[in-house]
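Just so you know, these numbers come straight off a predicted model, no measurement behind them.
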Amino acid sequence: MKLVQEELSDQELVRLEKWKKIQERGIEVFPHRAEKTHSVFEVVRDFLHLSKEELEEKNYQVKVPGRILAIRKMGRATFFHIADFRDRVQVYLREDVVGKENYELFDLFDIGDIILVEGRLFRTRTGELTILAEKFSFLAKSFHPLPEKWHGLQDVELRYRKRYLDLIMNPESGETFRIRSQIVAKIRQFFDERGFIEVETPMMQVIPGGALARPFKTFHNALGIDLYLRIAPELYLKRLVVGGMEKVYEINRNFRNEGVDSQHNPEFTMLEFYQAYIDYNQLMDLTEELFLYLAREIHGKEELQYGDQVISLKRPWKRLKFREAVLQYSGLAPARFDDEKNIIEFASTLTPDKKPLTYGKALDVIFDKLVKEKIVQPTFIINPPKDISPLAKSDRENPSEAARFELIIAGMEIANAFSELTDPFEQRQRFEEQAAMRKTGDEESHLVDLDYVEALEYGLPPTGGEGIGIDRLTMIFANKKSIREVILFPLLKPR
RNA sequence: GGCCCGUUAGCUCAAUAGGUAGAGCAGCGGACUCUUAAUCCGCGGGUUGAAGGUUCGAGUCCUUCACGGGUCACCA
């Protein structure tokens, strides 16, 4: 028998030796199932509130599986803790209860092994809820030593590469992913209650659309065609609104072939939802409701602690025109703001690698570099330039602006929403403008999707649509500064 | 991709000025029947991320590479 790791430490050799001894005794190390009465979590949940006397009187018998985390041996008695994903409970093992032979058998168990403990519940002298073991058996042997009990697993790289170790050793990591799970569950509940239908649309697309980003490319052998991993579900979801799904949402992965940093992972999870007959102003109300609902359900309050900031979700949130936001936070004089050439030049100094070519793009760059990071409290940034919003309606009052908002919280763009462009002629023209930009070398311009335009030709009702990044949302709700902390297996280079 | 920082025992971390690589936890042996970072006595454990270089001598200085973190660029 060989372990994956070729050079074994003395500790691993010892564990292999123990495993051999166990087998020699004919004891099953990897059984098919465990007859349990409670999980560790359930033991704590159901019995922690009971007094010493109540436990004595009722004599609760339990069979509980768990991973051994810490062993304290004192001659003919041993204490250890077993844990599941959510909790831990102490076990007390006595030679006079299990017998000498069984007691010595426990020497073959190590920290990290998964064990089934059968016994009755009591409280120790210090009051800790404990299982007095009467029987115990292997559920799985662990052949590698676990990280240190006190500091846990600190190495960031190891935590991501071997997330299971992170989850075993660092309870706060498990808590983060429980919050993430709650967020997704509560979002579904929120939209389901409002009559939305949840759908799944293609992850592999012939024309990747719905966002301005570079896609991953792949190939389908049988059809002999190039396919792209989707950068957004947007165009498919709006086809469904054309088809009569007036309230529709999808929670699923998007893929963008871009760099990796504390706010970006190449695959990330997006909520997109569309509701017919409303515009982006009504989406702002809905967004406030959603976030408040999540905060109350998950944290039981309307504020979130994020780093040393407190983010208040109390309504109404600030609504700031894109133009005002740039003026206010960038320090540009209004006269200069309106000087398009000057703005393009100024923005070019901020992104020397990729000079913005249009006024709208230049403003967007200034917003990204100078403005966004300064906005901490939830703020709707309304009416950004039209030419960076090829799928949005124009604003009624100012046609060079889009009927759109971006939601900024803690310096991060959390949501993006607009009144969907429903006019097929204008949509086609916008696509063609994007295609022209692509010809000048802008790889992130939107591709022309005539199949989508044709769908619009059948009639898309007035529709409000919004995308919310689930990973970033989780960062805010779980107080994490890196997106890798809220993705179980973030992309890392192979070792 | 650029710049900065990091990589030492299974894990968490030390190692003055370049001079024999250490500790705690974990492990092994012993004592111990209410411990809980158990305690007490003893023992083993290292190609210092990889490769090259400078030097009498390199964990430490230099070069290249790998991986990670931060930051900038690109993006959501």
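- A salt bridge does not link A/E56 to A/K52: none of the charged nitrogens lies less than 4.0 Å from a carboxylate oxygen.
- A/R161 comes within 4.0 angstrom of the backbone, heavy atoms only, and of no base.
- Picking from B/U35, B/C28, B/G69 the nucleotide with the shortest atom distance to the side chain of A/T124 gives B/U35.
- Remark: A/R86 qualifies as a cation-pi partner of A/F41 under the 6.0 Å distance and 45° angle criteria applied to the six-membered ring.
- Taking atom CD of A/E6 as the reference point, atom C1' of B/U47 lies 16 Å away to the nearest angstrom.
- Each of A/E288, A/E406, A/E324 was scored for a salt bridge (Lys or Arg N to Asp or Glu O under 4.0 Å) with A/R319, with one residue passing: A/E288.
- Distance from the side chain of A/K369 is smallest to B/A73 among B/A73, B/C11, B/A26.
- For B/G19, the paired nucleotide is B/C56, the pair qualifying as Watson-Crick or G-U wobble because both relevant distances are below 3.5 Å.
- Here A/D110 pairs with A/K18 in a salt bridge; the nearest charged N to carboxylate O distance falls below 4.0 Å.
- The listed nucleotides are B/C11, B/U12, B/C34; the one nearest the side chain of A/H151 is B/U12.
- Within the 4.0 angstrom heavy-atom criterion, no nucleotide atom of any strand lies near A/G469.
- If you measure from atom CD of A/E444 to atom C1' of B/C74, you get 7 Å, rounded to the nearest angstrom.
- For A/D110 and B/C11, the CG to C1' distance is 15 Å, given to the nearest whole Å.
- Closest contact between the side chain of A/Y160 and the listed nucleotides B/G69, B/C34, B/A26 involves B/G69.
- Checked for salt-bridge contact, A/E128 and A/R123 miss the test: no charged N lies under 4.0 Å from a carboxylate O.
- Residue side chain A/Q263 does not reach the base of B/A76 through any donor-acceptor N/O pair under 3.5 Å, judged by distance alone.
- Atom CD1 in A/I483 sits roughly 14 Å away from atom P in B/U71 (whole-Å rounding).
- The P atoms of B/C62 and B/C4 are separated by 12 Å, rounded to the nearest whole Å.
- As judged by a 4.0 angstrom heavy-atom cut-off over every strand, A/Y103 is placed among residues making no nucleic acid contact.
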(request) Could you please spell out the steps behind the salt bridge (charged side-chain N to carboxylate O under 4.0 Å, His left out) verdict for A/E267 and A/R256? (result) CA-CA 7 Å; A/E267 53 177 309; A/R256 298 189 185 175; over 6 Å; no
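- At a threshold of 4.0 angstrom between heavy atoms, the contacts of A/L212 are confined to the sugar-phosphate backbone, with no base atom among them.
- Comparing the same atom, P, in B/U48 and in B/C61 gives a spacing of 16 Å after rounding to whole Å.
- In this model, the phosphate group of B/U35 is not approached by any side-chain N or O of A/R123 to a distance below 4.0 Å at OP1 or OP2.
- Relative to the side chain of A/K493, the nucleotides B/C67, B/C11, B/G69 differ in distance, and B/C67 lies closest.
- Across all strands shown, A/E128 has heavy atoms under 4.0 Å from base atoms, whether or not it also approaches the sugar-phosphate.
- Taking the P atoms as reference points, B/C13 lies 10 Å from B/U7, given to the whole Å.
- Although no hydrogens or angles enter the test, the distance criterion places a donor-acceptor pair under 3.5 Å between the side chain of A/Q434 and the main chain of A/H446.
- The side chain of A/E157 lies closest to B/G68, out of B/U12, B/U35, B/G68.
- By the 4.5 Å heavy-atom criterion applied to side chains, A/F109 and A/T78 are not counted as neighbours.
- Rounded to a whole Å, the CZ atom of A/R72 is 17 Å from the C1' atom of B/C40.
- Among the heavy atoms of the strands lying under 4.0 Å from A/N265 is at least one base atom, whether or not backbone atoms are also near.
- If you take atom P in B/U8 and the same atom in B/U12, they sit 8 Å apart, rounded to whole Å.
- Interface remark: the A/R76 side chain does not form any donor-acceptor pair with the B/U33 base, using a distance-only criterion of under 3.5 Å.
- Side-chain atoms of A/E485 and A/T176 include no donor-acceptor pair closer than 3.5 Å.
- Side-chain proximity of A/E258 to B/C74, B/A66, B/G10: nearest is B/C74.
- Counting distance only, with no hydrogens placed and no angle test, the side-chain atoms of A/D10 and the base atoms of B/G44 include a donor-acceptor pair under 3.5 Å.
- Ring pair A/F136/A/F106 is perpendicular by interplanar angle, where above 60° counts as perpendicular and below 30° as parallel.
- Considering only side-chain N and O atoms, A/K18 lies under 4.0 angstrom from the phosphate OP1 or OP2 of B/C28.
- Contacts of A/D261 with the nucleic acid, taken as non-hydrogen atoms under 4.0 Å apart, include base atoms.
- With B/G27, B/A76, B/G68 as the choices, the nucleotide that has an atom nearest any side-chain atom of A/F268 turns out to be B/A76.
- Base pairing analysis places B/G24 opposite B/C11; the two distances defining the Watson-Crick or G-U wobble pair are each below 3.5 Å.
- For the C1' atoms, the distance from B/U60 to B/G6 is 15 Å, rounded to whole Å.
- Toward the 5' end of RNA chain B, the nearer of the two residues A/K481 and A/V260, judged by each one's closest nucleotide, is A/K481.
- A/Y249 pairs with exactly one of A/F190, A/F191, A/F273 by the ring pair (Phe, Tyr, Trp, His ring centres under 6.0 Å) rule, that one being A/F191.
- Closest to the side chain of A/R484, from the set B/A76, B/G70, B/U12, is B/G70.
- Atom CG in A/L158 sits about 12 Å away from atom P in B/G68, given to the nearest Å.
- Nucleic acid contact for A/G467: none, since no nucleic acid atom lies under 4.0 Å from a heavy atom of the residue.
- Annotation: of the two residues near RNA chain B, A/I111 and A/Q5, the 5′-most nearest-nucleotide partner is A/Q5.
- Distance A/I168 CD1 to B/A26 P: 17 Å, rounded to the nearest Å.
- As rounded to the nearest Å, B/A58 and B/A15 have C1' atoms that lie 14 Å from one another.
- One P atom belongs to B/C5, the other to B/C65, and the distance between them is 16 Å to the nearest Å.
- As rounded to whole Å, 12 Å separates atom C1' of B/C32 from atom CD of A/E95.
- Nucleotides B/G19 and B/A37 have their P atoms positioned 39 Å apart, rounded to a whole Å.
- Residue contacts shown for A/D155 are limited to sugar-phosphate atoms, with no base heavy atom under 4.0 Å away.
- Checking B/U35, B/U12, B/A26 against the side-chain heavy atoms of A/E148 singles out B/U12 as nearest.
- The closest donor-acceptor contact from the side chain of A/S51 to the backbone of A/E54 lies under 3.5 Å.
- For RNA chain B, the neighbouring residues in residues 405-419 of chain A, judged by any heavy atom under 4.0 Å, are A/E413.
- Figure legend. B/C34 is base-paired to no nucleotide; pairs are counted as Watson-Crick or G-U wobble with both atom distances under 3.5 Å.
- Among the protein residues, A/R15 comes within range of no part of the nucleic acid, since none of its heavy atoms lies under 4.0 Å from any strand.
- The residue A/Q11 sits close to a base: some heavy atom pair falls under 4.0 Å.
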